[in-house]
Amino acid sequence: MRTVEPFTSHAELRRERILATVDSIPRGRVSTYGRIAAEAGLGRGARQVGAALRNLPSGRGVPWHRVLNATGKSSVDAAAGVARQRALLEAEGVVFSASGRVDLKRFGWPD
DNA sequence: CTCGTGACTTTGT
DNA sequence: TACAAAGCCACGA
């Protein structure tokens, strides 16, 4: 069969690379929007990473919860969302400080 | 082309 | 540690 790539916009390719990178974060580790952007070859496109995760197609199994901001905190707005993200990470062994932050020196990825 | 927006980041108090 | 301001970047009105 001829994998005829029916039209893949530049924006779509970029999004795929972002999701692929997020998907490569090991279980029990976390990364940041900025790092993901760099890893995916977006330079300073941290906000683009956030945008990609914001409208995630449910059920694709992307470990969105392993992405935190540069200070090690959740950037998800709704309190319920923050709690869900934290629960998922704690279930993998990630530890949160009293101020609700994750030590990136210890759980950050890539090392 | 200019403006406003946003799961961001860096810098300066 | 916390907050504000400015920087940054793709998008869409």
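Chain letters run A, B, ... following the sequence lines, proteins first, then strands; residues in each count from 1.
- Nearest nucleotide to the Gln48(A) side chain, out of dT9(B), dA7(B), dG6(B): dG6(B).
- Between the side chain of Thr21(A) and the backbone N or O of Ile36(A), no donor-acceptor pair lies under 3.5 Å.
- Atom CZ of Arg17(A) is separated from atom P of dA10(C) by 13 Å (rounded to the nearest Å).
- The interatomic distance linking Tyr33(A) (OH) with dA10(C) (P) rounds to 18 Å, in whole Å.
- On the C1' atoms, dA7(B) is 23 Å away from dA13(C), given to the nearest whole Å.
- The side chain of Arg47(A) approaches dG6(B) more closely than any other nucleotide in the set dT10(B), dG6(B), dA7(B).
- Checking the phosphate oxygens (OP1, OP2) of dA2(C), a side-chain nitrogen or oxygen of Arg101(A) falls inside 4.0 Å.
- Rounded to whole angstrom, the span from the CD1 atom of Ile36(A) across to the P atom of dC9(C) amounts to 18 Å.
- Rounded to whole angstrom, the span from the CZ atom of Arg14(A) across to the P atom of dA10(C) amounts to 6 Å.
- Backbone-only contact: Arg44(A) has heavy atoms under 4.0 Å from sugar-phosphate atoms and none from a base.
- Within 4.0 Å (heavy atoms only), Ala11(A) reaches sugar-phosphate atoms of the nucleic acid but no base atom.
- Rounded to whole Å, the distance from CG on Asn55(A) to C1' on dA7(B) is 11 Å.
- Checking Thr71(A) against Leu53(A), the closest nucleotide of DNA chain B that is more toward the 5' end is the one next to Leu53(A).
- Rounded to whole Å, atom C1' of dG6(B) lies 17 Å from atom CZ of Arg15(A).
- For the pair His10(A) NE2 and dC9(C) P, the computed distance is 14 Å after rounding to whole Å.
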Give the intermediate values and the outcome of side chain to side chain contact (heavy atoms under 4.5 Å, CB included) for residues Glu90(A) and Phe96(A). CA-CA 8 Å; Glu90(A) 295 186 315; Phe96(A) 281 74; 3.8 Å; yes
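- Checked by atom type and distance alone, the side chain of Arg17(A) pairs as donor or acceptor with a backbone atom of Ala40(A) at under 3.5 Å.
- For the residue pair Ser74(A) / Gln85(A), a side-chain donor-acceptor distance below 3.5 Å is found, with atom types taken as modelled.
- One can place CD1 of Ile25(A) at 13 Å from C1' of dA7(B), the figure rounded to the nearest angstrom.
- For Arg54(A) and dA7(B), the shortest distance from a side-chain N or O to OP1 or OP2 is below 4.0 Å.
- The residue Asn69(A) sits close only to the backbone: its heavy atoms come under 4.0 Å of sugar-phosphate atoms, none of a base.
- Cluster annotation: Ile18(A) is not connected to Leu13(A) through the hydrophobic network of ILVMFWY side chains, with a link wherever side-chain heavy atoms come within less than 4.5 Å.
- Across all strands shown, Ala51(A) has no heavy atoms under 4.0 Å from either base or sugar-phosphate atoms.
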